[in-house]
2 protein chains.
Amino acid sequence: MVRAVYDGIYRIIRSRIEAGDYAYQGFLPSENEFIAEFGCSHNTIRKALGLLAGEGYVHPIQGKGVRVIYRPLERAGFVLGGIESFKETAARNRLNVATRVSAFHDAVADARISKATGFARGEELVYVERIRLLDGAALILDRSYFLKSAVDGLTPEIAEKSIYEFFENELGIAIATSKRAITAERATELDARLLDLDGYDFLAVVTGQVFRSDGIMIECTQSRHRPDHFTFYSTATRGV
Amino acid sequence: MVRAVYDGIYRIIRSRIEAGDYAYQGFLPSENEFIAEFGCSHNTIRKALGLLAGEGYVHPIQGKGVRVIYRPLERAGFVLGGIESFKETAARNRLNVATRVSAFHDAVADARISKATGFARGEELVYVERIRLLDGAALILDRSYFLKSAVDGLTPEIAEKSIYEFFENELGIAIATSKRAITAERATELDARLLDLDGYDFLAVVTGQVFRSDGIMIECTQSRHRPDHFTFYSTATRGV
DNA sequence: GCCGATTTGTCCGTATGTATC
DNA sequence: CGATACATACGGACAAATCGG
């Protein structure tokens, strides 16, 4: 895929910030300096800087400059908040990761499922239950409903690897938008049976809907995390 | 403050979506139709639509249109994920809300505080501990450090009302960016003493940093929520 | 399969407003 | 006041995806 100009510039500036080339609390070069460096237009630079601001790397101040507010994360754990798959996350954190599929069967959205997931009543689905292991400990329980028509050819073997890779490489599906809700809940019998709770009797729960690039919801997943390995990061910006 | 054109258009379209004028899974009018309606340029409409997409209201599909993916929330609780104050949230949910200040004193950032909050060592701070009551039940414990130089004139009486209103109206401070991390944690002795835990022994914890519009961090707050009243919403978009 | 109309995506150049110093 | 820097808005051009004939 050929990348857009603004995306390339965004990545370059982001990597410089992460490398510390631009100091925390310092200012980036001005927009005009970037225009001179990259040979692009005002709007293109602004789009790249807008992405960085939206992700909490920088903060623009009218009349002064664009301040760097990024610092490396201190607490270990999963970096969420953007769209990042389990495998990507594990790789970033250099952990030994495995997935075990504990259930895999078809289902039809009845009233209960429809209310919980947002799929329409009667929709044909596939139910997948996965356990995520880090360095041998079962830390995450994923319970997913997929839109059956969208994941034709999905097997337990594929689910053990990465369903996202299957989406993108085999089915050519581009994931675009996802919505998540984070809550904290008491661990259930099922959680206790499938996870290494290590004394914990509560979990951090992420319930998410995934939309294909044509806007159709194709997945609703509930991820139940042992709390000591879970952190969800989020950045918000108020319209000035 | 005079609002920007794109912001007004964004609000109009958003309110139509929330009112159901544009159906879930249906398409918005095309960009050209909006241009005709609002009498503005292509880019201005795109900026408004970009805001809606970023907040999970719509999902644009190249060559087809902009699909509505918003639906009213089902689960009661706090709407977070954007920047919304406790009072705004309570008003939206029509709850009877009160705040009690349980501690209020100056502090200096030592090694421990500096590591936990991100304030520099030696920085002069104000520590504020607040309990949020909904319909008489103590559900949330807020423990905040403020940059002393930025909140001059802050009193316990003001903290009982809204510190954000104090920021914006008295001090003329505009809050711009905030970063948050969500975790689930075991309730402490302090939590049990100050909150109505109602049998729960764990909490949803939001640790957040607030940046003033000049990019300086002025607040670091940890909000500890009883889990049955807490939900954090988030929308993510993967760069196509 | 091709072509043309429609729609969103990207990029440019320019102008003007507003805040900071 | 002027210089600098970010913010907003416009108009135009072309690319890419979709859909219907």
Side-chain angles (χ1 to χ4, degrees), chain A residues 1-11 13 22 26-54 57-69 172-174 176-177 211-216 237-240, chain B residues 1-11 13 22 26-54 57-69 172-174 176-177 211-216 237-240:
Chain A
M1 183 180 71
V2 181
R3 248 182 233 128
V5 174
Y6 71 82
D7 189 59
I9 294 172
Y10 153 72
R11 287 162 194 267
I13 299 177
Y22 304 128
F27 288 98
L28 292 185
S30 75
E31 292 180 1
N32 283 327
E33 289 179 81
F34 278 131
I35 289 170
E37 174 180 355
F38 295 112
C40 67
S41 80
H42 183 62
N43 286 338
T44 302
I45 283 292
R46 285 190 62 76
K47 179 132 188 177
L49 294 177
L51 289 176
L52 290 166
Y57 282 93
V58 300
H59 183 79
I61 308 156
Q62 189 172 1
K64 286 194 73 172
V66 180
R67 175 165 267 148
V68 178
I69 59 174
I173 294 175
T177 300
F211 294 83
R212 204 167 50 188
S213 58
D214 63 357
I216 301 294
T237 304
R238 192 194 276 266
V240 184
Chain B
M1 183 180 70
V2 181
R3 248 182 235 125
V5 174
Y6 72 84
D7 189 59
I9 295 172
Y10 152 73
R11 287 161 193 267
I13 300 176
Y22 305 129
F27 288 97
L28 292 184
S30 74
E31 292 180 1
N32 282 327
E33 289 178 81
F34 278 132
I35 289 170
E37 175 181 354
F38 295 113
C40 66
S41 77
H42 183 60
N43 286 335
T44 302
I45 285 292
R46 286 190 61 75
K47 179 131 189 178
L49 294 177
L51 289 175
L52 291 166
Y57 282 93
V58 300
H59 182 78
I61 308 158
Q62 189 171 4
K64 285 194 74 171
V66 180
R67 176 165 266 147
V68 177
I69 60 174
I173 295 175
T177 300
F211 294 83
R212 202 166 53 187
S213 58
D214 63 357
I216 301 294
T237 303
R238 192 194 276 264
V240 184

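Per chain, numbering begins at 1; letters A, B, ... match sequence-line order.
- The OG1 atom of Thr44(B) sits 11.0 Å away from atom CD of Glu31(B), with the distance rounded to the nearest 0.5 Å.
- As a whole-Å value, the separation of Ile35(B) CD1 from dT6(C) C1' is 13 Å.
- The CD1 atom of Ile9(A) sits 8.5 Å away from the CD atom of Glu37(A) when rounded to the nearest 0.5 Å.
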Check: Under the side-chain contact (heavy atoms from CB on, under 4.5 Å) criterion, do Ile13(B) and Phe34(B) qualify, and how do the steps go?
Finding: CA-CA 10 Å; Ile13(B) 300 176; Phe34(B) 278 132; 3.8 Å; yes
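- In this structure, Leu51(A) and Tyr6(A) have side chains that are in contact, with non-hydrogen atoms separated by less than 4.5 Å.
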Note to self: For a quick check, with a 4.0 angstrom heavy-atom cut-off, what is the B/S/- contact string for nucleotides 7-18 of chain D, read 5' to 3'?
What the structure shows: BBBBB----BBS
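- Taking the side chain as every heavy atom from C-beta outward, Leu28(B) and Leu49(B) approach each other to under 4.5 Å.
- Atom CD1 in Ile45(B) sits roughly 14 Å away from atom C1' in dT7(C) (whole-Å rounding).
- The nucleotide dC1(D) finds no pairing partner, because no Watson-Crick or G-U wobble arrangement with both distances shorter than 3.5 Å includes it.
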Next item on the list: Could you walk me through whether Val5(B) and Phe38(B) pass side-chain contact (heavy atoms from CB on, under 4.5 Å), step by step?
Entry: CA-CA 9 Å; Val5(B) 174; Phe38(B) 295 113; over 6 Å; no
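- Atom C1' of nucleotide dA5(C) and atom CG of Asn32(B) are separated by 12 Å, given to the nearest angstrom.
- Spacing between atom CZ of Phe27(A) and atom P of dA5(D) amounts to 12 Å, rounded to whole angstrom units.
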